[in-house]
Amino acid sequence: MKADDPGILWIEEPQLGLSGRMYLPIYMHGLTTTFRHMKNSLLGKAVTVSYPDEEPHIDNPAIYRGTHRLNRDSQGRVKCVACFLCATACPAHCIDIVAAESPWPDREKYPQSFCIDELRCIFCGMCEEACPVDAIELTSLYNLTGRSREEMIFDKEKLLSVYDQTHEREPMRSPEMGGTV
Amino acid sequence: MLLALIKIAILLGGLMTAAAYFVLLERRMAAWIQDRIGPNRVGIPLTNIRIFGLGQPLADGLKFILKEEFTPSHVDRALFVAAPIVILVAALSLFAVIPVGSFLPSKVAGHPLSDGPIEMTVAPGVDAALIYVFALSSIAVYGVILGGWASNNKYSFLGGLRSSAQLVAYEVPMGLGILGAVLAAGSLNLSEIIAAQADRGWFALLQPLGFVVFSVAAFAEAARLPFDLPECEQELVGGYHTEYSGMKLLLFLVAEFLHMITAAFLMVILFLGGWHFPGLTGSSMALDGWGHPGELWLWGQALVRAGVLLGKVFCIIVFFMLVRWTWPRFRYDQLMSLAWKVMLPLGLINFVVSACLEQLQGTLGYAWLRWVAIALAWIVLFGAWIGVSLLGSVTENRPRRPAQPLESDLRA
């Protein structure tokens with residue numbers, strides 16, 4: 001493309017007003033913004049926290065994307081129907097499901113094994129979006145640590161235990177909240 | 001002799017500590033302005049006591065000292081080592097003539113300390129003090145250029161060149177700003193300039209235009225934002241100290257902070273009345289103990305004066321730091337046009353106007369003329385400022401020629 005191409009739209013920079021040309025009035029305005037932020041931080045309204053001493057405040061745990069959990073139904077069975085939608089949706093390929101014929105009459109399949117490699121996971125929440133029965137959910141547990149790679153591959157029992165640990169604080173997504181089951 | 005050595009020891013210790021803690025303050029302020037908490041965890045080593053992170057400077061210093069000091073193979077070794085030394089020596093020796101208060105009484109608890117009152121300057125009574133300050137602050141630029149040149153690296157070299165051009169450009173308006181104050185005080189001795197202000201009113205009030213010109217130039221001389229072009233990270237990596245590490249880098253960084261402290265001291269001493277504060281410090285140059293003869297009163301007055309001066313300097317430095325996180329950096333051509341097209345004429349106007357007003361007051365000598373002179377000075381400030389901004393020599397951003405097609409486009 002040449003400089004005189006008719007397709008180029010040349011835009012004139014807008015002229016500054018008098019206060020802009022005088023620099024200081026506008027700069028003073030900026031200075032008040034900085035000062036306000038400094039004042040608020042000094043009054044204890046800083047956004048960050050001193051982490052190990054102080055836990056961060058999570059505004060809405062329902063939309064936080066932390067560690068996964070596998071939900072249980074009302075009879076305490078795993079809710080998952082082994083449809084593989086989460087594993088398909090996962091961009092990091094971190095979900096591994098082995099399906100088997102269900103021992104229960106209300107569904108055909110259930111996951112014999114359900115493993116998530118938390119080290120590969122990018123916490124995008126696609127699995128949660130894809131799940132047709134709201135079986136997999138991301139909790140607000142953010143401090144996910146382990147001493148080995150093996151430990152960070154969460155199997156079905158571990159994921160169900162995350163549910164047991166969190167379901168009181170973070171209820172399962174109900175039909176009122178847009179859930180399916 | 002002993003007295004001078006004691007003064008030097010106190011000054012050096014004080015300056016180094018101040019520079020270290022100003023780094024901490026700057027980091028904390030940066031954090032507060034960005035809604036963070038900032039470094040607050042380092043306290044007393046080997047304990048769990050965290051005194052608001054006041055141990056941080058110690059940790060920073062240790063880190064710099066213990067880090068590997070790498071000298072790249074492509075540098076000019078002698079100059080590479082000399083540059084940080086030059087810049088730090090210049091930045092420190094500049095403080096020899098800068099007063100940190102007025103006088104200390106000559107006696108403590110009846111024991112004489114010296115023959116007369118002790119001036120709170122390492123080298124008292126230097127009549128060319130301002131010239132000395134000027135000369136040494138120019139040598140600091142030399143250190144920057146040496147560092148850029150010796151690094152043998154295009155980014156460092158560009159940083160060095162930029163800073164040389166910038167500092168040469170801003171020495172001129174800075175000198176013009178100072179000239180007004182020198183003219184009004186009739187001396188180049190910093191203590192006498194303060195005394196003149198205690199007597200006649202602060203020069204920031206009497207010559208507001210000079211104060212503005214000097215402050216802008218002081219920001220540029222200290223290479224602080226919005227004028228920190230020599231080390232503009234986005235364009236030049238680290239600027240002139242890209243190739244430096246460890247202790248040498250520390251020397252550069254300390255020298256930069258010392259420049260800021262110097263600029264704050266000069267602003268306070270030349271324009272904001274030094275140790276003088278109306279109704280608090282007394283206004284005669286010698287200590288009078290607020291009219292009480294006792295030695296305790298004299299010491300009290302001496303300490304209040306030092307406190308006032310250092311308090312003002314502290315406020316100016318906090319302002320420097322606030323400005324750093326507020327105002328964006330100038331583009332290089334804007335920086336240059338601000339120096340040559342705006343600050344230089346403003347400095348000249350201030351010089352001419354304050355010379356005329358001085359002469360007028362000196363000749364006629366009416367008391368009411370003083371207030372007229374102040375009013376006139378402020379009118380000149382606003383008039384000149386608005387005039388310069390209407391000319392738009394810095395904000396005018398459009399190309400001076402219409403865009404020409406490239407030669408390669410013409411051939412195609």
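Bear in mind the structure is a predicted one, so any value in this text is a computation, not a measurement. First the proteins, then the strands, lettered A, B, ... as listed; each starts at 1.
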Side-chain heavy atoms of A/D53 within contact of B/R41, under 4.5 Å: yes

CD/A/E55: more than 12 non-hydrogen atoms of other groups inside 6.0 Å: yes

Minimum side-chain heavy-atom gap B/I33-A/S41 below 4.5 Å: no

Residues, nucleotides or ligands: over 12 heavy atoms within 6.0 Å of A/K109 NZ: yes

Neighbour count above 12 (heavy atom, 6.0 Å) for A/F35 CZ: no

A/M126 atom CE: more than 12 heavy-atom contacts under 6.0 Å: no

Side chain, backbone, both or neither of B/R28 within contact of chain A (heavy atoms, under 4.5 Å): neither

Top of A/V49, A/V47, A/I26 for chain B proximity - count of heavy-atom pairs under 4.5 angstrom: A/V47

Student check: side-chain heavy atoms of B/M29 and A/M38 closer than 4.5 Å: yes

Atom CD of A/E151 with >12 non-hydrogen neighbours under 6.0 angstrom: yes

Structural part of A/T33 lying under 4.5 Å from a heavy atom of chain B: neither

Inter-residue atom distance B/W32.CH2 - A/L42.CG, 0.5 Å rounding: 5.0 Å

Check: B/T326 side chain, A/L31 main-chain N or O, donor-acceptor pair, under 3.5 Å: no

Contact class of B/F382 relative to chain A, heavy atoms under 4.5 angstrom: neither

Short side-chain to backbone donor-acceptor contact, B/W327 and A/Y27, under 3.5 Å: yes

Over 12 foreign heavy atoms within 6.0 Å of CZ, B/F52: no

Neighbour count above 12 (heavy atom, 6.0 Å) for A/E54 CD: yes

